[in-house]
Amino acid sequence: GKNRRRGKNENEGVKRELIFKDDGQEYAKVVKMLGNGRLEAFCFDGVARLCHIRGKLRKKVWINQGDIILLGLRDFQDKKADVIMKYNPDEARQLKNYNEIPDTVKIEEDNEIAFDASVEPGFGSDSGSDSETNGPTIDDSSDESDSN
């Protein structure tokens, strides 16, 4: 029933060992989700492939557009592959640092980090100006409350 997956986030945030590609495998970025357990991915060997999400990942690991994934290539069909695993943004960044995937690849979740970084300086300067304006305002309000 619907309660099957309730409270089942056991491996959330668990640090796992970074898995590198073997022969017959390739890194790729998800270009488009096609539905029905399939997706279109652009492999870093320069080929766009139609990929099938294997059963182990199918309902447990949600794969979205822009994710970095590891594909198992098929010997008998070059245009098709199977999704073996999905890398989280942290792991994708590590792969980039190890030069496993090209630097031209943008990791989608970077947007949030860039956004956070851009917010902080603004926040810092705002709080600075706030504290300057807050000093007198607090005094004014306390004077008013005393007089009332």
Side-chain angles (χ1 to χ4, degrees), residues 1-138 140-141:
K2 69 174 184 178
N3 296 338
R4 183 171 75 94
R5 271 209 45 153
R6 218 154 92 197
K8 236 195 195 172
N9 252 352
E10 285 128 21
N11 54 6
E12 196 64 35
V14 172
K15 222 37 183 149
R16 56 182 184 186
E17 195 178 314
L18 192 60
I19 297 171
F20 295 111
K21 68 174 183 182
D22 299 323
D23 24 316
Q25 296 179 340
E26 189 57 58
Y27 302 112
K29 183 173 181 173
V30 179
V31 178
K32 190 161 102 192
M33 296 304 295
L34 302 174
N36 203 2
R38 295 186 225 240
L39 53 93
E40 195 178 305
F42 185 77
C43 302
F44 299 137
D45 59 1
V47 184
R49 291 189 171 91
L50 181 71
C51 307
H52 181 261
I53 303 172
R54 58 177 281 193
K56 189 178 174 184
L57 303 180
R58 204 164 177 160
K59 284 220 165 80
K60 296 175 182 70
V61 179
W62 287 108
I63 297 176
N64 299 310
Q65 207 165 332
D67 285 339
I68 304 295
I69 54 178
L70 180 64
L71 300 179
L73 304 179
R74 298 182 179 179
D75 308 330
F76 49 97
Q77 292 171 304
D78 192 43
K79 289 280 172 237
K80 290 189 179 175
D82 303 290
V83 179
I84 296 174
M85 71 172 292
K86 169 189 161 181
Y87 292 105
N88 58 33
D90 240 13
E91 293 169 330
R93 238 170 269 123
Q94 283 179 317
L95 287 175
K96 214 176 197 177
N97 294 342
Y98 290 131
N99 294 326
E100 289 283 327
I101 59 179
D103 290 334
T104 52
V105 178
K106 283 195 176 63
I107 299 159
E108 298 293 304
E109 277 76 1
D110 276 356
N111 298 346
E112 296 167 10
I113 288 147
F115 175 72
D116 288 344
S118 67
V119 165
E120 276 185 45
F123 178 72
S125 64
D126 286 348
S127 67
S129 62
D130 283 349
S131 62
E132 291 161 20
T133 53
N134 277 355
T137 2
I138 292 167
D140 295 343
S141 62

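Counting heavy atoms from C-beta on, the side chains of Val83 and Met85 never come closer than 4.5 Å. Residues Tyr27 and Ile69 are not in side-chain contact: their nearest non-hydrogen atoms beyond the backbone lie 4.5 Å or more apart. With contacts defined as side-chain heavy-atom distances shorter than 4.5 Å, the pair Val31/Gln65 does not qualify.
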Could you list the donor-acceptor pairs under 3.5 angstrom formed between side-chain atoms of residues 36-46 and any protein atom two or more places apart in sequence or on another chain?
unit_1: Asp45; atom_1: OD1; unit_2: Val47; atom_2: N; d: 3.4
unit_1: Asp45; atom_1: OD1; unit_2: Arg49; atom_2: NH1; d: 3.4
unit_1: Asp45; atom_1: OD2; unit_2: Arg49; atom_2: NH1; d: 3.4
unit_1: Asp45; atom_1: OD2; unit_2: Arg49; atom_2: NH2; d: 3.4

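Legend: residues meeting side-chain hydrogen bond (donor to acceptor under 3.5 Å, both in side chains) with Gln25, ordered by chain and number and at least two apart, are absent. Judged as a side-chain hydrogen bond (donor to acceptor under 3.5 Å, both in side chains), and not counting sequence neighbours, Glu17 has no contacts. Contacts of Tyr87 classified as side-chain hydrogen bond (donor to acceptor under 3.5 Å, both in side chains), with partners at least two apart in sequence or in another chain: none. The side-chain hydrogen bond (donor to acceptor under 3.5 Å, both in side chains) test applied to Asn88 returns no partner, not counting sequence neighbours. In this view, Phe76 satisfies the ring pair (Phe, Tyr, Trp, His ring centres under 6.0 Å) rule with no residue, not counting sequence neighbours.
Of all heavy-atom pairs spanning Trp62 and Asp67, the tightest one is O-OD2, 4.2 Å. Taking each heavy atom of Val30 and Asn64 in turn, the nearest pair found is CB-O, 3.5 Å.
For the atom pair Leu18 CG and Glu100 CD, the distance stands at 8.0 Å (nearest 0.5 Å). Interatomic distance, NZ of Lys79 versus CG of Leu73, reported as 11.5 Å (0.5 Å rounding). For the atom pair CG of Leu95 and CD1 of Ile101, the computed distance is 5.0 Å after rounding to the nearest 0.5 Å. The line from NZ of Lys96 to CD1 of Ile68 is 8.0 Å long, rounded to the nearest 0.5 Å. Interatomic distance, CD of Gln94 versus CZ of Phe20, reported as 7.5 Å (0.5 Å rounding).
Exactly one residue among Lys56, Arg58, Arg74 makes a salt bridge (Lys or Arg N to Asp or Glu O under 4.0 Å) with Asp82. That residue is Arg74.
Between Lys21 and Glu26 there is a salt bridge, with a side-chain nitrogen of the basic residue lying less than 4.0 Å from a carboxylate oxygen of the acidic one.
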